[in-house]
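Naming: A, B, ... by sequence-line order, numbering from 1 per chain.
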There are 2 protein chains.
Amino acid sequence: MSNLSVVAAEPRSIRLSPKDNVVVAVDEIEKGKLAAGGIAANARVTRGHKMAVAPIAVGQPVLKFGQIIGFATEEIAPGDWVHEHNTSMGEFDRDYEFAAGAKNDEVLPVEARATFQGYRRANGKSGTRNYIGILTSVNCSASVARFMAEAVTKSGILAQYPNIDGIIPFVHGTGCGMAAKGEGFDILKRTQWGYATNPNLAGVLLVGLGCEVFQISRMKELYNIVESDTFRTMTIQDTGGTRKTIEAGVAAIKEMLPKANDVRRETISASELILALQCGGSDGYSGITANPALGAAVDLLVKHGGTGILSETPEIYGAEHLLTRRAVNREVGEKLVSRIKWWEEYAARNGGEMNNNPSPGNKAGGLTTILEKSLGAAAKGGTTNLTAVYEYAEPVTAKGFVFMDTPGYDPVSATGQVAGGANILCFTTGRGSAYGCKPTPSIKLATNTPMYQRMVEDMDINCGDILDGVTVQEKGQEIFELILRVASGEQSKSEQLGYGDNEFVPWQIGATM
Amino acid sequence: MSNLSVVAAEPRSIRLSPKDNVVVAVDEIEKGKLAAGGIAANARVTRGHKMAVAPIAVGQPVLKFGQIIGFATEEIAPGDWVHEHNTSMGEFDRDYEFAAGAKNDEVLPVEARATFQGYRRANGKSGTRNYIGILTSVNCSASVARFMAEAVTKSGILAQYPNIDGIIPFVHGTGCGMAAKGEGFDILKRTQWGYATNPNLAGVLLVGLGCEVFQISRMKELYNIVESDTFRTMTIQDTGGTRKTIEAGVAAIKEMLPKANDVRRETISASELILALQCGGSDGYSGITANPALGAAVDLLVKHGGTGILSETPEIYGAEHLLTRRAVNREVGEKLVSRIKWWEEYAARNGGEMNNNPSPGNKAGGLTTILEKSLGAAAKGGTTNLTAVYEYAEPVTAKGFVFMDTPGYDPVSATGQVAGGANILCFTTGRGSAYGCKPTPSIKLATNTPMYQRMVEDMDINCGDILDGVTVQEKGQEIFELILRVASGEQSKSEQLGYGDNEFVPWQIGATM
Ligand SMILES: [Ca+2]
Ligand SMILES: [Ca+2]
Ligand SMILES: [Ca+2]
Ligand SMILES: [Ca+2]
Ligand SMILES: [Ca+2]
């Protein structure tokens, strides 16, 4: 076993990165006890709190997750309890230090990269699944979309087209009673078009009512959409009502089937994977098991040339400095800061405020600074440079570690990422989220063993064993390997259970009129 | 044929109420031509514009829909074209005149009231349908709810329980990533509880994930909910994952079936009907055919002791004076005004504004004042006193004509009304909405004959024939009779088509975090 991560003998502790100068106590470490591989504790360190494993001079950074969570305000010796009394944010939060921490991330040469078995699309993108999607411009066409999907599926015709994974009705609650321009409209527009072009869809039917604010004709114009044998649109009003529209939709989909089925998985570089990162139902273990392990997997994916998308802006709020430091350049960092400012206005105009300071409860649990708290969420993103920042549902084109601005609410956040082109998704959960997605397979990572065992049919990987000695790096490797297998067609647990037909939830901004 | 409504000989015109001193031109009326039963036009009156059919002295009201749309600014003679040049709002818009127009509406004695065949519930409410509902606290339990409904339905067990209309999964996109208090939370809370207690549901299972903001335990506490053989709750996290939760949910529903089936339709007074009023996909005919006809039906329903709920606040904005005049008392009127002010703030904080003034296009089409424009929408509410004003999803307990504050967006508006207890719904449409609802049957009223013919499978009644001589009162009677038949079990078109499993859309207010 490596010297990283847990020292399994009691009292257990975790070192989250080889760079760290602190460990996190998994069991309480009594004063004088040897912990973290033989360091005597100079004070009692309770569960979730930090103990120094190296000397830290005044003003020097305290490192957890391989990243700065604060600075020593007095000399810290190995074995010292590290918390508010000897650590603070210092001046760190007053400076974005754009790109100050950017480095030359190692990316393997093309021939050394891992591969998966995926679908090469005509536009050069790569898919991990092969669905046909029925998009809806408005809630008013939701039922018709479901009836179409049901009719095609029940007809049995899909048996003749074994390469098609299914028909997905993407229904939602918006599309009308909204402003016909502005950020709410733009978000819906990008989301719809992002789904329409996600490489996991082989064909798309977009169905509307006809009189809705979100006009299909306008969207076609905006994106120069030309109807083809794998892209069709219709409205209930033009087609003459519900039954005729269902018939026309079923016919349109049946026409798509031969072409949609005419695909074969081929060997594709892992650099074509666009991995959406999610967490939901977090617990006290999220930041020390599943999130860092997923971060290690992202570091691997980036090394193999791929892309990882961190999101959930409210959860990294207050620690944006850590991401701006990692930005490849000032422009990328500034784009993140502008989104942070947007969120402050968004919260304010809705009568709330952004507030991510460690609460008294957080502090009692061992979180010393806002940086440390947000790093627990941001740990999913690993440690490489931040190469790009995207608004909600913008197409993700950069390689490496990127950020997309989304709410923290899981289905809304993931919808933005899938619209951005994510073809695979990893979701950490402590309480036990059952989230599944279509068309993008979702891999579920449990933060703790008891929940994993209780919900084993929903969870793909148990990261709780990091508390028992599995290293974060080992777990990251395990996750990376499962990503490649699921990308190649192995079903994730949520796919086996059939999730994904109810989780398309575009972010709604603005008044519902 | 009565002297009301259309004079079928060309040029056709419509008198919308026996009280009106103007008619609306259906065909262009040339100067000098006889129209409206023999009155010579003193000027050309184009389609949609108004011609006087009685003298109107300076300062006297111009009446359309039986209501004031403005005041004569010069002497108006029969045959005169009535528009901006001789009519204005005057001082009318500066005074709410609370209850100034309230009157003693005729309500038939109990023994003279119409009846329907409905379900008498233990709490005294009356249902028109007999469903079991699966409510979801959050999007994260949406798939599980659908799987449960599907499993029960596919099992074939419902064949043993012929009095049950089906299992409805009420799924939606919210319930987390929201503030745990405030108006957004309150709205969701009222909506959920309103559905849970709608008399068209015989049993309810409420299923959550477990860690969401909208906590089931909190809701149970708020409403003193006790679990019973027809009300059960569960969460995926407590139950141990997706499969176990589906099993437990299916078992819980199966346990409800015998009791839910043990009902019989009985004769119930029309005074127990709570009719939701909706319009969507409006056109130039909405305000002169289907909406006034529905208003006539509401007047009948109110006469028989029942309740009609007008909503869609943005569409009556600017003409709230007409409703405050009809208020039974100042308090009811003031509640409406406070909601109007709320909307102004809501629009402003979302970067928009309320604006319902007749546009140049509206004016060219014949709409003279904002009152007239909004009356086209408000005409659905008939002419009786406004007896109560409700916030979104509040329980509707008053009899007579009431208002519930909702957006104009159909599914969101109707969701509030059904949460308020509506057990029947009428929906006017010009462009051709296909809206259907569960658990509350939706009756669709076409504003024009061409659309009715094109979408006859979706439309229950054609109000377009008002342009051909059917009176508004006759059409109102036809609608009222269909309301009674559908309330008694006759399926509306949207029920025949299977609508209603995708139209539960609670109003979301506030930031998605
Ligand atoms: Ca700061
Ligand atoms: Ca999270
Ligand atoms: Ca989340
Ligand atoms: Ca309307
Ligand atoms: Ca409407």
Trainee: Please round to the nearest 0.5 Å and tell me the distance separating atom CG of D410(A) and atom SG of C176(B).
Mentor: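 If we round to the nearest 0.5 Å, D410(A):CG and C176(B):SG are 7.0 Å apart.
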Trainee: Roughly how far, to the nearest 0.5 Å, is the OH atom of Y409(A) from the SG atom of C140(B)?
Mentor: 5.0 Å
Trainee: Chain A: which of G498(B), P314(B), G175(B) shares the most heavy-atom pairs with it under 4.5 Å?
Mentor: G498(B)
Trainee: Tell me which of these, T174(A), L209(A), T242(A), has more heavy-atom pairs under 4.5 Å with chain B than the rest.
Mentor: T242(A)
Trainee: Identify which part of E503(B) has an atom lying under 4.5 Å from any heavy atom of chain A, answering side chain, backbone, both or neither.
Mentor: both
Trainee: Which residue is it: E315(A), E312(A), M354(A)? I am looking for the one with a side chain to side chain contact (heavy atoms under 4.5 Å, CB included) to M513(B).
Mentor: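 Filter result, single survivor: M354(A).
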Trainee: Any chance OH of Y452(A) has more than 12 other-residue heavy atoms, nucleotides or ligands included, within less than 6.0 Å?
Mentor: yes
Trainee: Which heavy atom of Y499(B) sits nearest a heavy atom of I236(A), and at what distance?
Mentor: OH-CD1, 4.3 Å
Trainee: Identify the two heavy atoms, one from Y346(A) and one from A511(B), that lie closest to each other, and give their separation to 0.1 Å.
Mentor: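 Looks like OH-CA, 3.3 Å.
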Trainee: Under 4.5 Å heavy-atom distance to chain A, tell me which part of Y435(B) shows up: side chain, backbone, both or neither.
Mentor: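 Contact with chain A involves no heavy atom of Y435(B) at all.
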Trainee: Please name the pair of heavy atoms, one in C211(B) and one in G281(A), separated by the smallest distance, quoted to 0.1 Å.
Mentor: SG-CA, 3.5 Å
Trainee: Considering only heavy atoms and a distance below 4.5 Å, find which of D501(A), N350(A), V144(A), T313(A) pairs most often with chain B.
Mentor: N350(A)
Trainee: Where on L497(B) is there a heavy atom nearer than 4.5 Å to chain A: the side chain, the backbone, both, or neither?
Mentor: both
Trainee: Where does D458(A) contact chain B at under 4.5 Å (heavy atoms): side chain, backbone, both or neither?
Mentor: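 Only the side chain of D458(A) comes within 4.5 Å of chain B.
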Trainee: Please classify the contact of R431(B) with chain A as side chain, backbone, both or neither, using a heavy-atom distance under 4.5 Å.
Mentor: both
Trainee: Counting only non-hydrogen atoms closer than 4.5 Å, does A179(A) touch chain B with its backbone (N, CA, C, O), its side chain (CB onward), both, or neither?
Mentor: neither
Trainee: In terms of heavy-atom proximity below 4.5 Å to chain B, should R454(A) be classed as side chain, backbone, both, or neither?
Mentor: both
Trainee: Mind ranking R349(A), M455(A), Q237(A) by heavy-atom pairs under 4.5 Å with chain B and telling me who comes out on top?
Mentor: Q237(A)
Trainee: Considering only heavy atoms, which portion of F147(B) lies under 4.5 Å from any heavy atom of chain A: side chain, backbone, both, or neither?
Mentor: side chain
Trainee: In terms of heavy-atom pairs under 4.5 Å with chain A, which of G500(B), P407(B), S494(B) leads?
Mentor: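 The candidate making the most pairs under 4.5 Å is P407(B).
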Trainee: Would you check if the side chain of N502(B) reaches a backbone N or O of N139(A) as a donor-acceptor pair within less than 3.5 Å?
Mentor: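 Side chain of N502(B) to backbone of N139(A): no pair is present.
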